[in-house]
Structure formats: structure tokens, C-alpha cells
Amino acid sequence: MHVFADFAARLRAILVTLAAEGVIGHLPDLSRVVVEPPRDPSHGDLATNAAMALAKDLGMKPRDLAEAIAAKLGADADVASASIAGPGFVNLSLTETFWRDQLAKALRDGEDFGRPPPRSDAWVNVEYVSANPTGPMHVGHCRGAVFGDALARLLEFSGEPVTREYYINDAGAQVDVLARSVFLRYREALGEDVGEIPEGLYPGDYLKPVGEALVAAHGSALRNQPEKEWLPVVRTEAIAAMMTMIRADLAQLGIRHDVFFSERSLHGEGGAIDQAVEELTKHGLIYVGRLAPPKGQLPEDWEDREQTLFRATSFGDDVDRPLKKSDGSYTYFAADVAYFRSKFERGFNEMVFVMGADHGGYVKRLEAVGKALSGGAARVSVELCQLVRLFRNGEPFKMSKRAGEFVTLRDVVDEVGRDAVRFMMLFRSNDAVLDFDFAKVVDQSRDNPVFYVQMAYARTQSTLRKAVEAHGELPDSINFSLLSDAGELALIKKVAAWPRIVEQAAASRQPHRIAFYLHELASDLHSHWNRGKDSPDLRFIMENNPLLTHARLGLVKAVALVLASGLGILGVSAPDEMR
RNA sequence: GUCCCGGUAGCUCAGCAGGAUAGAGCAACGGUUUCCUAAACCGUAGGUCACAGGUUCGAAUCCUGUCCGGGACGCCA
């Protein structure tokens with residue numbers, strides 16, 4: 001239990017006591033009561049709004065209630081002072097001893113520090129990337145990939161079991177286009193001059209090796225078959241080749257998935273889609289009808305006709321959604337329904353979808369599917385990532401989409417490195433547009449947050465290495481009461497804040513909070529370090545004072561383990577030294 | 001026309017399950033330093049939280065409306 005939760009519990013106990021003593025009439029609803037760090041540190045270490053939040057319910061004046069609470073809290077051995085401020089805040093300052101104990105606890109917990117107890121009630125499915133298997137990953141996929149991976153790591157760290165899933169869109173018309181494109185490369189590999197790649201096919205060179213592999217496997221046997229014969233064969237091999245490439249791209253970013261789920265596997269007579277539609281039909285959620293055309297400008301090819309529709313509007317969507325195309329085959333959405341059902345039947349009770357902002361229109365229909373099929377038993381959360389704008393030295397970096405001229409994810413990682421890509425993608429709220437400047441991201445200065453945070457970690461490691469030379473290994477028992485400098489105590493408090501940051505980041509599904517916290521922690525470390533320049537008696541390693549050195553190294557070690565944990569959640573390396 | 005996201009310091013952005021005098025980095029300004037433990041440090045200034053209503057003890061945060069920017073809107077996946 002972290003410091004703030006700890007004191008929330010103590011506060012609750014105090015209210016129980018006050019009720020027993022008759023000071024307050026009853027034990028009120030505490031859901032609006034918070035114990036949190038005050039915005040202004042001069043107000044103390046903790047603040048609670050309890051008196052203001054509960055005054056009305058208890059029929060008391062906030063200040064009177066605050067008096068009663070502050071008196072009890074002030075008697076707590078860990079509380080140095082309890083005061084009342086403003087309209088009824090109770091501000092607490094905790095004893096230095098209490099904070100030093102938190103430091104000792106952090107060191108005892110080691111890499112588990114900040115990790116809440118595992119939850120047995122959660123089983124989360126995080127679906128992310130799910131790029132179409134028609135080519136290499138490009139930068140547009142990057143943010144969602146990194147975000148999804150970091151979110152999965154964050155939830156895992158928070159004790160929620162996570163399965164990482166990739167949905168392969170291997171059933172639509174575009175994988176047929178892929179197959180035809182590859183077939184051309186196959187004929188090319190057989191020695192034919194295929195000339196320009198026709199409009200509408202994928203022109204990229206990356207398909208050449210796939211054509212060559214087909215020759216190696218089939219010789220010229222496919223060449224004279226009708227398309228009906230060769231297409232499924234070529235398609236299967238092409239998709240497999242694309243997925244191999246995509247996995248390699250992802251691996252380069254440090255991303256892996258537990259499950260690769262094939263959309264195609266849902267199709268077929270009596271298959272998962274049929275079953276899902278049948279289930280919806282049984283619940284009366286499917287009908288045949290007409291949709292009103294969208295207001296505003298009418299699509300040119302709009303044709304008013306009857307469709308098989310899912311009653312998404314019964315579950316909060318704006319419009320009912322079609323399940324069948326005009327040729328009678330299922331829509332992409334129909335497969336989505338079956339896919340959700342698969343996840344639900346596999347036991348997940350939270351489905352997280354990480355998507356680009358251009359998929360914002362999908363949120364309501366996915367939520368509707370979730371409600372319809374799980375009866376509210378599964379939570380659907382959609383995390384949208386806004387787009388990334390590329391810059392080079394401040395100049396917008398245009399990429400031409402035609403002729404396969406796009407910036408691949410591989411290009412970006414090759415140029416700036418995995419750590420820089422990942423950290424920068426996470427150093428922004430995911431629903432804000434992100435500017436990514438190649439020059440700034442590799443800059444080796446404190447202006448670059450990646451460098452700044454990694455530098456802080458490297459600094460802890462070099463300090464610990466040097467300390468071992470000077471004083472040998474850290475002993476098991478350390479006298480932390482020697483830590484009394486304001487900068488040291490501030491660092492301790494920052495370290496002690498870590499578990500709460502993890503809790504909030506996980507609850508809000510916002511890994512960027514981890515990145516911002518790490519930047520602050522690094523800043524506190526650097527700034528304390530710099531104080532040692534002017535005041536040598538504040539340096540971590542004190543040649544003539546091993547006991548003080550040990551205490552300070554304990555603090556350095558705690559900072560290091562939190563930095564390492566945090567960077568681990570972001571999937572960014574914690575280097576022992578900067579090169 | 002409808003829906004989603006954003007609008008906070010000159011710039012880039014945090015903060016938003018309601019809390020006190022709204023924060024950080026950069027830029028600006030002023031000073032210190034050229035040392036060293038790892039790529040200088042300290043300080044100052046800078047705000048109608050887009051706008052208007054509402055909810056309440058209290059709103060950047062929640063609700064309604066408006067404006068601006070971005071995205072999306074049956075049979076593509």
C-alpha cells in the first residue's frame with residue numbers, strides 16, 4: 001500500500017472513531033474523499049478534502065470537522081504536523097523518519113516496488129498494431145504500436161494479466177490485390193518482363209523476394225493455372241511473408257504479440273461469423289431495413305437499399321450497422337462482431353483496442369458490440385492515438401504515398417534508435433497530435449527527454465560503481481537517519497510517489513504519465529547532483545564518511561530502481577553508461 | 001448535418017474520477033560559472049486555462065451552447 005492509500009485508510013479509521021465517540025453522527029460515504037499531495041509543497045506532504053466533502057452530509061461546518069480530523073491525525077506518530085487551511089483542507093506533514101522508512105521499503109521491495117498486488121478478477125486483452133498484411137510497417141503504425149505495447153507492460157506491472165493480440169486482416173479484397181501483385185513478381189522471377197506495375201497493384205520492391213520464393217517452391221507450375229487456382233496459394237504465401245516481415249519490424253521496436261488472430265478463420269459456412277450473427281438474431285438484434293443516407297453531402301454512389309442490420313443504436317451507437325454487403329458476403333464489421341465474441345468466449349473481461357484517431361468512428365460500434373454480446377460483463381475500452389507529424393530540423397517532412405515512397409517504421413528505428421522512438425512516442429498524451437523531429441530526438445542534451453532520463457540512470461550506475469571502488473559493496477543495514485538534507489528528502493518523497501503514479505497511469509490507461517514522472521525524477525536527481533558541485537559535502541560519495549556514503553547510496557539505488565522500473569514499462573533501455 | 005479529439009505562458013506541452021496563489025521544458029530577461037561528479041548553475045518575469053452560460057461551499061477539470069483547428073461518417077479493410 002502506498003503512502004496516500006495508507007493515509008486514506010488511517011483517515012477512515014479516524015472517522016469510525018469519531019462516529020463511535022459521537023463527534024459525528026454517522027460514518028459518511030467516503031467516495032468523494034481524497035488524500036493526495038497538495039499542489040503547493042509548502043502546504044505539507046499530504047492533504048485531504050475530507051472536511052469539505054463530508055461537512056454537508058454530517059451537518060457540520062467544514063472547519064469544525066477539520067478540527068476534529070486534524071486533532072486525531074496530529075496524534076499519529078508518523079505525522080509531524082496537521083493543520084487546517086483554506087476552506088477546510090487538512091494538511092499533513094509527515095516525519096522525516098516516516099519518509100526514510102519509505103526509502104528502506106523501496107529498497108526491500110526492489111524491482112517490485114510500486115507493483116500493486118495482482119488482481120484475480122481481471123483478464124485483459126490488448127489488441128494493437130493490426131496493420132494490414134500487405135506491406136512493411138510504416139511510421140503511421142508506430143505510435144499505436146508503441147502505445148499498445150507500453151500499455152500492456154504497464155497493466156502487467158500493475159498485476160493485471162494481459163494478452164497481447166494482433167488481428168490479421170487477411171480476408172478482404174486487399175489481400176487478393178496483394179496476391180495479384182505477388183503473382184506479377186512471380187512471373188518476373190521466372191524471367192518475364194512485366195514492365196510497370198499496373199495501377200491498383202502494390203508496386204513495392206519488397207514483394208520481389210516473395211515472387212522468388214514462389215518460384216523456388218512451385219517452379220513454373222502456377223504460371224499457366226487460372227487465377228481461381230493460383231490465387232489462394234499465392235495469397236497464403238504472400239500473407240505469411242508479409243507477417244514475417246511485420247513481426248521483424250515489430251521485434252526491432254521491442255514489440256511482440258501473444259496471439260496473431262486471423263480474420264479469415266472467422267469466415268466460412270457455419271463459422272464464427274455465422275454463429276455470432278445467429279446469436280444476435282436470437283436476441284432480436286438483427287433486422288432487414290434501410291438506412292438513412294448521411295446528412296450533408298450525399299456520397300455519389302449512394303444507393304438506397306435494404307440491408308441486414310445490427311441494432312447498434314440500442315447500445316448507444318449513432319446508427320445501425322450493416323452486416324452484409326450487396327453481394328451477400330459479410331462486411332468487415334460482421335467479422336468484428338465474431339472476433340469480439342471469440343475474445344469474450346476465451347475469457348477476457350476487458351478488451352482494449354488501440355487504434356489510430358482516424359478510427360474514431362469505430363468506438364461506439366465496438367462498444368455496442370461489447371454490450372450486446374457480453375451483456376455488460378466485458379468492458380470495451382478504445383484508446384485512440386492521434387497522428388504523428390514528422391519533422392527534420394523543424395521542417396515538415398512530407399512522404400509521398402505513391403510508388404511505395406513511404407517512410408517505413410524500419411527507417412525510423414534505424415535512424416534514431418528504438419529507445420528514442422519509444423520514449424518520444426510516449427512523452428505525450430495519446431490524444432494529442434505529436435510532432436516528431438528526427439534531429440531533436442537524437443540530440444544528446446538535456447533538452448532531449450530520452451537522453452535526460454537515461455542519463456539520470458547512467459549517473460546512478462556510475463556513482464554506484466565508483467562507490468564500490470571507494471567503500472566496497474553496500475551493507476544490508478543502512479542508517480538512513482543520516483539523510484537530512486532538503487534535496488535528499490525531496491528525492492525520497494519523489495521515489496515514494498512512484499506507486500501512486502503507477503496506480504493512476506494504469507487506471508487511466510495512460511502510459512505517458514510514467515514518462516512524465518520519470519522526467520521529473522531525473523530532474524530531481526540531476527538538480528541534487530548539481531548541488532554537489534558547489535557544496536562538496538552534499539556529494540553522494542564522501543571519502544571520509546562511509547556511513548553517510550552508504551545512506552546516500554541507498555537513496556541513489558532507490559532512484560535507480562524506480563528509473564529502471566519506469567523505463568522497463570516504457571520499453572526503453574536503462575543504460576549503465578552513456579556512449 | 002452528426003460523431004470523436006484538441007484549444008492552458010511567446011513556443012512545445014503537463015495538469016482534467018472538482019479543491020487552495022494553474023505547472024514543467026524551451027525561448028526571454030538578470031546573475032553566477034569556464035569549475036567539475038557526466039554535456040553549466042541559480043534566479044526573475046511571463047496567464048481572461050478559446051468564448052458564454054449552468055451545476056456547487058469550490059470549475060482549467062463536470063453539463064449545455066458557440067467559435068477555431070484536426071479526424072471520421074452504408075456495401076473498402
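On a predicted model such as this, the values are computed, not experimentally measured, just so you know. Chain letters run A, B, ... following the sequence lines, proteins first and then strands; every chain starts at 1.
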Engineer: Looking at rA9(B), which nucleotide sits across from it as a Watson-Crick or G-U wobble partner, both distances under 3.5 angstrom, or is there none?
Structural biologist: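 Per the H-bond distance test, none.
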Engineer: Under 4.0 angstrom, heavy atoms only, what part of the nucleic acid is A507(A) near: base, sugar-phosphate, or nothing?
Structural biologist: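 It contacts nothing in the nucleic acid.
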Engineer: Using the C1' atom as the point on both nucleotides, what is the distance between rA52(B) and rC68(B), in whole Å?
Structural biologist: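 Pairwise C1' distance, rC68(B) against rA52(B), rounds to 15 Å.
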Engineer: Just by modelled atom types, is the V34(A) backbone N or O under 3.5 Å from a matching donor or acceptor in the T48(A) side chain?
Structural biologist: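 Yes; at least one donor-acceptor contact below 3.5 Å.
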Engineer: If the sugar-phosphate is the primed atoms plus P, OP1 and OP2 and the base is the rest, what is the B/S/- string for nucleotides 27-32 of chain B, using protein heavy atoms under 4.0 Å?
Structural biologist: ------
Engineer: In Watson-Crick or G-U wobble terms, both distances under 3.5 Å, what is the partner of rA28(B)?
Structural biologist: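 rU44(B) - that is the nucleotide pairing with rA28(B), both distances being under 3.5 Å.
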Engineer: Would you tell me if any nitrogen or oxygen in the side chain of K533(A) comes within less than 4.0 Å of OP1 or OP2 on rA39(B)?
Structural biologist: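 For rA39(B), OP1/OP2 do have a side-chain N/O of K533(A) under 4.0 Å.
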Engineer: Rounded to whole angstrom, note down the P distance from rA39(B) over to rG47(B).
Structural biologist: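 The answer is 34 Å between these two P atoms.
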Engineer: Contact class for G172(A) (heavy atom, under 4.0 Å): base, sugar-phosphate, or nothing?
Structural biologist: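 Sugar-phosphate only.
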Engineer: Give a yes/no verdict on base stacking between rA14(B) and F516(A): centres under 5.5 Å, planes within less than 30° of parallel.
Structural biologist: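 No, F516(A) does not stack on the base of rA14(B).
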Engineer: Quote, to the nearest angstrom, the P distance that separates rG53(B) from rA60(B).
Structural biologist: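 Their P atoms lie roughly 14 Å apart.
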Engineer: Is any side-chain heavy atom of N49(A) less than 4.5 Å from a side-chain heavy atom of R32(A)?
Structural biologist: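 When only atoms from C-beta onward are counted, R32(A) and N49(A) do not touch, as no gap falls below 4.5 Å.
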Engineer: Using the P atom as the reference point in each nucleotide, state the distance between rG30(B) and rC67(B) in Å, no decimals.
Structural biologist: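 It comes out at 45 Å once rounded to the nearest Å.
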Engineer: Does rU66(B) pair with anything, Watson-Crick or G-U wobble, both distances under 3.5 Å, and if so, with which nucleotide?
Structural biologist: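 Its partner is rA50(B) (Watson-Crick or G-U wobble, both distances under 3.5 Å).
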Engineer: What is the nucleic acid contact for R513(A), judged by heavy atoms within less than 4.0 Å: base, sugar-phosphate only, or nothing?
Structural biologist: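 It contacts sugar-phosphate atoms only.
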Engineer: Look at the side chain of E303(A) and decide which nucleotide, out of rU56(B), rG74(B), rA39(B), has an atom nearest to it.
Structural biologist: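 Of the options given, the side chain of E303(A) lies nearest rG74(B).
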Engineer: Whole-Å distance between rC75(B) C1' and D327(A) CG?
Structural biologist: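 Nearest whole value for this atom pair: 8 Å.
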Engineer: Within the 4.0 Å heavy-atom criterion, would you say N91(A) contacts the bases, only the backbone, or no part of the nucleic acid?
Structural biologist: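 Since a base atom lies under 4.0 Å of N91(A), the category is base.
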Engineer: Can you tell me how far C1' in rU55(B) sits from the matching atom in rU61(B), rounded to whole Å?
Structural biologist: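 Going atom to atom, C1' in each nucleotide, I get 13 Å.
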Engineer: Base, sugar-phosphate, or nothing for R305(A), non-hydrogen atoms under 4.0 angstrom?
Structural biologist: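 Base: the residue R305(A), judged by heavy atoms under 4.0 Å, touches a nucleobase.
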Engineer: Test for a donor-acceptor pair under 3.5 Å between the base of rA40(B) and the side chain of N530(A), counting only N and O atoms.
Structural biologist: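 Result: no qualifying N/O pair found.
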Engineer: What is the distance, to the nearest angstrom, from the CD atom on E263(A) to the P atom on rC76(B)?
Structural biologist: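 It works out to 11 Å between those atoms.
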Engineer: Under the 5.5 Å and 30° test, is H519(A) stacked on the base of rA24(B)?
Structural biologist: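 No, the aromatic ring of H519(A) does not stack with the base.
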Engineer: Between atom CZ in R428(A) and atom C1' in rC26(B), what is the gap in whole Å?
Structural biologist: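 Spelled out: CZ on R428(A) to C1' on rC26(B) is 12 Å.
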Engineer: Within the pair K56(A) and rU56(B), is there a side-chain N or O less than 4.0 Å away from OP1 or OP2?
Structural biologist: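 Looking at the OP1 and OP2 atoms of rU56(B), neither is under 4.0 Å from any side-chain N or O of K56(A).
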Engineer: Is there a donor-acceptor pair closer than 3.5 Å between any side-chain N or O of E488(A) and the backbone N or O of D485(A)?
Structural biologist: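 Judged by distance alone, yes, a pair lies under 3.5 Å.
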Engineer: I'd like to know whether the aromatic ring centres of F391(A) and F436(A) sit less than 6.0 Å apart in this structure.
Structural biologist: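 When the ring centroids of F391(A) and F436(A) are compared, they turn out to be at least 6.0 Å apart.
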Engineer: Applying a 4.0 Å non-hydrogen cut-off, can you work out what K324(A) is touching in the nucleic acid: base, sugar-phosphate, or nothing?
Structural biologist: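 Result for K324(A) = nothing.
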Engineer: Once you apply the 3.5 Å cut-off to both distances, tell me the Watson-Crick or G-U wobble partner of rA38(B), or none.
Structural biologist: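 Pairing partner, where one exists within any strand: none, as none qualifies.
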Engineer: By the 4.0 Å heavy-atom rule, please label S508(A) as base, sugar-phosphate, or nothing.
Structural biologist: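 The residue S508(A) makes no contact with any strand.
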Engineer: Could you measure between the two P atoms, the one in rC57(B) and the one in rG15(B), and give it in whole Å?
Structural biologist: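 That atom pair is separated by 28 Å.
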Engineer: Counting heavy atoms from C-beta on, name the nucleotide in rA72(B), rC4(B), rA39(B) closest to the side chain of R446(A).
Structural biologist: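 Output: rA39(B).
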Engineer: H471(A) vs H550(A) aromatic rings, parallel, tilted or perpendicular, using cut-offs 30° and 60°?
Structural biologist: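 Answer is perpendicular, since the angle exceeds 60°.
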Engineer: Hey, is the main chain of D537(A) close enough, under 3.5 Å, to the side chain of S535(A) for a donor-acceptor pair?
Structural biologist: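 No.
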Engineer: What interatomic distance, in whole Å, is found between P of rU64(B) and the corresponding atom of rG70(B)?
Structural biologist: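 Those two atoms are separated by 24 Å.
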Engineer: Only pairs with both distances under 3.5 Å count, Watson-Crick or wobble alike; so what is the partner of rC3(B) in this structure?
Structural biologist: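 The base-pairing partner of rC3(B), which may sit in any strand shown, is rG71(B).
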Engineer: Would you kindly check if the NZ (Lys) or CZ (Arg) of R311(A) is within the cone defined by 45 degrees around the ring axis of Y287(A) and under 6.0 Å from the six-membered ring centre?
Structural biologist: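 Yes, R311(A) and Y287(A) form such a contact.
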Engineer: Taking atom P in both rC75(B) and rU12(B), compute the distance separating them and give it to the nearest angstrom.
Structural biologist: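 Here rC75(B) and rU12(B) have their P atoms 37 Å from each other.
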Engineer: What integer distance in Å separates L387(A):CG from rG71(B):C1'?
Structural biologist: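 Between C1' of rG71(B) and CG of L387(A): 8 Å.
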Engineer: What is the distance from CD of Q386(A) to C1' of rC4(B), rounded to the nearest Å?
Structural biologist: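 Value for this atom pair: 9 Å.
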Engineer: Please report the distance, rounded to the nearest Å, between CG in D431(A) and P in rU61(B).
Structural biologist: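 Roughly 16 Å, once rounded to whole Å.
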Engineer: Would you call the rings of Y339(A) and Y167(A) parallel, tilted or perpendicular if under 30° counts as parallel and over 60° as perpendicular?
Structural biologist: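 Judged by the thresholds at 30° and 60°, the geometry between Y339(A) and Y167(A) is parallel.
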Engineer: Under 4.0 Å, heavy atoms only, any strand: does V175(A) hit a base, just the sugar-phosphate, or nothing?
Structural biologist: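 Result for V175(A) = nothing.
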Engineer: Identify the nucleotide, in any strand shown, that forms a Watson-Crick or G-U wobble pair with rA17(B), with both distances under 3.5 Å; if there is none, say none.
Structural biologist: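 rA17(B) is paired with nothing.
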Engineer: Who does rU55(B) pair with, Watson-Crick or G-U, both distances under 3.5 Å?
Structural biologist: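 The answer is none; no pair meets the criterion.
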Engineer: With a 6.0 Å cut-off on the ring centroids, do F540(A) and H528(A) count as close?
Structural biologist: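 Judged by ring-centre distance (under 6.0 Å), F540(A) and H528(A) do meet the cut-off.
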Engineer: Partner lookup for rU61(B), please. Criteria are Watson-Crick or G-U wobble with both distances under 3.5 angstrom; report none if nothing qualifies.
Structural biologist: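 Across any shown strand, rU61(B) pairs with none.
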Engineer: Taking any heavy-atom pair under 4.0 Å as a contact, classify A357(A): base, sugar-phosphate, or nothing.
Structural biologist: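 Answer is sugar-phosphate: A357(A) comes under 4.0 Å of backbone atoms only.
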Engineer: For the residue pair Y452(A) and H526(A), is the inter-centroid distance of their aromatic rings smaller than 6.0 Å?
Structural biologist: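 Between Y452(A) and H526(A), the centre distance is under 6.0 Å.
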Engineer: So, the side chain of R143(A) versus the backbone of Q386(A): is there a donor-acceptor pair under 3.5 Å, distance only?
Structural biologist: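 Yes, because the side chain of R143(A) sits within donor-acceptor range (under 3.5 Å) of the backbone of Q386(A).
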